[in-house]
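What's counted below: heavy atoms across the whole structure, side chains too, no hydrogens, waters or symmetry copies.
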Amino acid sequence: MRIEIWSDFASPECYVGQVRLQHVIQRLGMQRDVDYRQDAYLIDPQAPVRSVETNAEKLAYDKGISLKQAHERYEHWKRLGATEGLNIRYGFAYNTNTMDAHRLVLWVQDEYDDPTLTQRLIDLLFKANLTNNFILADREVLEKLSNLLCK
């Protein structure tokens, strides 16, 4: 069975959904029967390559609320991620463009035709952005992540 997923590395919803799907496939013992491919969906195609504001800082400014209140709004994703074993720190992530991260995934899919390798990269990119708060628009970050993948 083939499943195509449209998602963005800037989205905690996509991260939780992807991990939930992986857990269901594992619980059903269908790892060898399911092939899924992630397609790029840019939530904010106009997102800058560089940003000095975290998502929480941007939300606080845009909504005229305190930084504490902004972080509280993101607690939902932290709790939801925890149910799947994730440590989502969305408020501390930077809203930057993810186009190059998606390009890297497409390149790995086409170059290696190895769904396991591609999935490892996707997992690494989600975690890098939404847990470790690396900036996926930074090509040096992407290079370091792809070097980790090859080890």
Side-chain angles (χ1 to χ4, degrees), residues 1-26 31 34-63 65 67 70-150:
M1 171 187 340
R2 184 174 186 148
I3 300 172
E4 293 208 26
I5 301 168
W6 293 83
S7 67
D8 192 359
F9 301 114
S11 167
E13 297 98 324
C14 295
Y15 191 18
V16 171
Q18 176 201 305
V19 171
R20 280 188 174 169
L21 177 60
Q22 289 174 349
H23 289 163
V24 167
I25 290 169
Q26 289 170 354
Q31 297 91 319
V34 176
D35 173 34
Y36 67 97
R37 181 179 180 102
Q38 177 171 312
D39 292 304
Y41 177 80
L42 294 176
I43 291 174
D44 185 359
Q46 304 305 318
V49 174
R50 300 265 182 245
S51 176
V52 295
E53 291 180 313
T54 65
N55 286 328
E57 290 167 338
K58 184 176 181 332
L59 179 65
Y61 177 80
D62 290 348
K63 299 293 182 183
I65 60 176
L67 186 56
H71 278 291
E72 287 170 356
R73 291 195 181 181
Y74 293 130
E75 280 298 308
H76 168 74
W77 293 113
K78 185 174 184 147
R79 287 191 306 274
L80 198 59
T83 66
E84 299 300 326
L86 304 173
N87 179 19
I88 294 178
R89 302 178 66 239
Y90 185 62
F92 296 98
Y94 293 88
N95 179 37
T96 59
N97 197 292
T98 58
M99 178 62 83
D100 285 340
H102 288 292
R103 285 184 180 124
L104 179 59
V105 170
L106 290 174
W107 180 78
V108 167
Q109 284 175 338
D110 292 341
E111 185 71 19
Y112 295 99
D113 192 29
D114 180 345
T116 303
L117 182 68
T118 302
Q119 189 56 54
R120 283 184 29 226
L121 175 61
I122 290 168
D123 292 341
L124 195 60
L125 290 166
F126 269 120
K127 184 176 182 178
N129 188 34
L130 297 173
T131 297
N132 299 325
N133 306 131
F134 294 151
I135 296 174
L136 296 186
D138 184 333
R139 290 186 176 177
E140 286 183 20
V141 167
L142 294 176
E143 184 178 343
K144 288 176 184 174
L145 293 173
S146 48
N147 287 339
L148 281 175
L149 184 68
C150 296

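What you find for N87 and T131 is that their closest heavy atoms are O-OG1, 2.7 Å. The two residues E57 and E53 make their nearest non-hydrogen contact at OE1-CA, 3.3 Å. Looking at every heavy atom in both residues, Y94 comes nearest to N129 through O-OD1, 4.3 Å. The two residues V105 and L125 make their nearest non-hydrogen contact at CG2-CD1, 3.5 Å. Across Q109 and Q38, no two heavy atoms sit closer than the pair NE2-O, 3.6 Å. Y90 approaches P12 most closely through the heavy-atom pair CE1-CD, 3.5 Å.
Residue L136 is tested with L145, N97, L130 for a side chain to side chain contact (heavy atoms under 4.5 Å, CB included); the sole match is L145.
To the nearest 0.5 Å, the span separating CG on N147 from NZ on K144 amounts to 9.5 Å. Between E111 atom CD and L106 atom CG the span is 12.5 Å, to the nearest 0.5 Å. A distance of 7.5 Å separates OG1 in T98 from CD1 in I43, rounded to the nearest 0.5 Å. L124 CG to L149 CG: the interatomic distance, rounded to the nearest 0.5 Å, is 6.5 Å. T116 OG1 to D35 CG: the interatomic distance, rounded to the nearest 0.5 Å, is 9.5 Å. The distance from atom NZ of K127 to atom CZ of R89, rounded to the nearest 0.5 Å, is 12.0 Å.
Checked against the 6.0 Å centroid criterion, the rings of Y41 and H102 do not qualify as a close aromatic pair.
At distances below 3.5 Å, at least one donor-acceptor pair connects side-chain atoms of D138 with backbone N or O atoms of E140. The backbone N or O of G91 lies less than 3.5 Å from a partner atom in the side chain of T54, making a donor-acceptor pair.
When the salt bridge (charged side-chain N to carboxylate O under 4.0 Å, His left out) test is applied to D110, the partners found at least two apart in sequence or on another chain are R37.
Between F9 and F126, the ring planes are perpendicular. Angles over 60° get that label, and only those under 30° would be called parallel.
Looking only at side-chain heavy atoms (C-beta outward), I65 and R73 come within less than 4.5 Å of each other. Within the 4.5 Å cutoff, the side chain of I88 has heavy atoms near those of the V16 side chain. Contact check for K78 versus H71: no side-chain heavy atoms found under the 4.5 Å cut-off.
A salt bridge is defined here as a Lys NZ or Arg NE, NH1 or NH2 lying under 4.0 Å from an Asp or Glu carboxylate O, and D123 with R120 fails to meet this definition.
For E143, the CD atom counts as loosely surrounded, since its 6.0 Å shell holds 12 or fewer non-hydrogen atoms of other residues, nucleotides or ligands.
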